[in-house]
Visitor: 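Below you will find the structure I want to go over with you.
Heavy-atom basis, side chains included; hydrogens, waters and symmetry copies ignored. Order of listing sets the numbers, starting from 1, for every ligand and every atom in it. All values reported here derive from a predicted model rather than from experimental measurement.
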Amino acid sequence: MTVLDDIIVGVKEEMEARKRLVSLAELKDRAAVAAPALDAWAALGGPASVRNDLKVIAEIKRRSPSKGDLAPIADPASLAVQYADGGASVISVLTEQRRFGGSLADLDAVRAAVEIPLLRKDFTVDEYQIWEARAHGADLILLIVAALSDTELAEFSALSHELGMNVLVETHTEEEIERAVAANARIIGINVRNLKTLDVDRSVFGSLAGLIPAESVIVAESGVRGADDVSHYAAGGANAILVGEALVSDSTPHERITEFKAAGAAAIAVRN
Ligand SMILES: O=P(O)(O)OC[C@@H](O)[C@@H](O)c1c[nH]c2ccccc12
């Protein structure tokens, strides 16, 4: 069993427990009265012809299976405000409980605090979680190609779009990019961390980014330690970066984001 398989077992158990507390019908009622989803695609730069800088997706991440506790986040709302002040385009809230220490309560707290698009970051394996995301104010959800069949990828994308949300489709291999493109994904992430082993290999980004059609927003996920990594991803074709650990463990995350955006813009100016 891979790490990913193991995580998903826990995700399903937690979801079954939530299903007993909140029915799908109840979630649909809540989703119907939620404020409409914000346009994460536009926030991430939109059509290729108008993209001009590097966008930052800043993540609220308490813990990870590879590193354990990252930082005590007493107040996710104030961290989110710092992210937004620093110029994050989207805030990612990890809601997976067992391995990442997240929750829907974190998503609620962040939703109440900022008005920029939110990614509900979780291991989506059931439509229930998509309704849940929308009911709790998410604008974007994560679909991990390695965890889904082509049918699930298509159905989950369609439901998300029906609910007005965008989808970040996460890949790690050439075959997964082909599957993401076949599913018409327009926001495609390359996670440099292999979720089956948790190994990080930053060179994966540069070797795969060229396979993604220019119309899609390309997100470099994981492994940003500092501005050099940001420059590396931007030079390799990233339109956006997704950063967790480096921001939650920094005392001035807004300054880090500003620094990352400057490094990204400089590398993109050279790239163009
Ligand atoms: O903390 P990092 O190395 O900056 O990584 C952030 C993000 O990419 C990572 O949290 C992540 C990428 N894909 C995921 C899927 C599930 C959980 C977490 C992730």
Visitor: Only one of Asp6, Ile7, Leu195, Leu4 clears side chain to side chain contact (heavy atoms under 4.5 Å, CB included) with Pro65; which?
Guide: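 In the set Asp6, Ile7, Leu195, Leu4, the residue that makes a side chain to side chain contact (heavy atoms under 4.5 Å, CB included) with Pro65 is Ile7.
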Visitor: Are any of the N/O atoms in Leu142 less than 3.5 Å from those in ligand 1?
Guide: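 Looking only at distances, the answer is no, because the N/O contact criterion of under 3.5 Å is not met.
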Visitor: When you check the gap from the basic side-chain N to the acidic O, do Lys19 and Glu16 get nearer than 4.0 Å?
Guide: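 The answer is yes: the pair qualifies as a salt bridge.
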Visitor: Does the pair Asp106 and Lys61 meet the rule for a salt bridge (charged side-chain N to carboxylate O under 4.0 Å, His left out), with working shown?
Guide: CA-CA 10 Å; Asp106 283 351; Lys61 182 179 189 180; over 6 Å; no
Visitor: Can you tell me the protein heavy atom closest to atom 18 (C) of ligand 1 and the distance?
Guide: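 For atom 18 (C) of ligand 1, the nearest protein heavy atom comes out as Lys121 NZ, 3.3 Å.
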Visitor: Sub-3.5 Å donor-acceptor pair from the side chain of Asp250 to the main-chain atoms of Leu247, do we have one?
Guide: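 Pair absent, no side-chain N/O of Asp250 close to backbone of Leu247.
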Visitor: Any heavy atom of Gly223 sitting closer than 4.0 Å to ligand 1?
Guide: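 Flag set, Gly223 near ligand 1.
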Visitor: Among all protein non-hydrogen atoms, which one is nearest to atom 8 (O) of ligand 1, and what is the separation to 0.1 Å?
Guide: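 Answer for atom 8 (O) of ligand 1: Ser222 OG, 2.8 Å.
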Visitor: Is there a side-chain contact between Lys55 and Val217 (heavy atoms, below 4.5 Å)?
Guide: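 When only atoms from C-beta onward are counted, Val217 and Lys55 do not touch, as no gap falls below 4.5 Å.
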Visitor: Kindly work out whether a path of hydrophobic side-chain contacts (I/L/V/M/F/W/Y, heavy atoms less than 4.5 Å apart) joins Leu142 to Leu148.
Guide: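 Cluster IDs for Leu142 and Leu148 differ.
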Visitor: What do we get for Glu170 next to ligand 1 when only non-hydrogen atoms under 4.0 Å count, side chain, backbone, both or neither?
Guide: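 For Glu170, the contact with ligand 1 is made by the side chain alone.
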Visitor: So which protein heavy atom does atom 10 (O) of ligand 1 come closest to, and at what separation?
Guide: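 Closest protein heavy atom to atom 10 (O) of ligand 1: Glu59 OE2, 2.6 Å.
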Visitor: Using a 4.0 Å cut-off to any heavy atom of Glu245, which atoms of ligand 1 qualify?
Guide: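 Listed by number with element, the hits are 1 (O), 2 (P), 4 (O).
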Visitor: Who's the nearest protein heavy-atom neighbour of atom 4 (O) of ligand 1, and how far?
Guide: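 Ranking protein heavy atoms by distance from atom 4 (O) of ligand 1, first comes Gly244 N, 2.8 Å.
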Visitor: Using modelled atom types and a 3.5 Å cut-off, is there a donor and acceptor pairing between side-chain atoms of Arg111 and backbone atoms of Gly137?
Guide: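 Answer holds: yes.
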Visitor: Got the closest protein heavy atom to atom 16 (C) of ligand 1, with its distance?
Guide: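 Scanning the protein heavy atoms, the shortest distance from atom 16 (C) of ligand 1 goes to Phe123 CZ, 3.2 Å.
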Visitor: Please state which protein non-hydrogen atom is closest to atom 17 (C) of ligand 1 and give its distance, to 0.1 Å?
Guide: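 Result: Phe100 CZ, 3.5 Å.
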Visitor: Go through ligand 1 atom by atom and flag the ones less than 4.0 Å from a non-hydrogen atom of Lys61.
Guide: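 Ligand 1 atoms under the 4.0 Å threshold to Lys61: 1 (O), 2 (P), 5 (O), 6 (C), 9 (C), 10 (O).
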Visitor: For Ser23, does its backbone N or O pair with a side-chain atom of Glu26 as donor and acceptor, under 3.5 Å?
Guide: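 Answer holds: no.
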Visitor: Would you mind listing which atoms of ligand 1 come within a distance below 4.0 Å of any non-hydrogen atom of Val243?
Guide: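 Per the distance check, 4 (O).
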Visitor: Quick one: does Arg193 get a heavy atom under 4.0 Å from ligand 1?
Guide: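 It does, in that a heavy atom of Arg193 comes within the 4.0 Å cut-off of ligand 1.
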Visitor: Given Glu259 and Arg256, is the salt bridge (charged side-chain N to carboxylate O under 4.0 Å, His left out) satisfied, shown in steps?
Guide: CA-CA 5 Å; Glu259 181 194 347; Arg256 271 359 267 300; 3.0 Å; yes
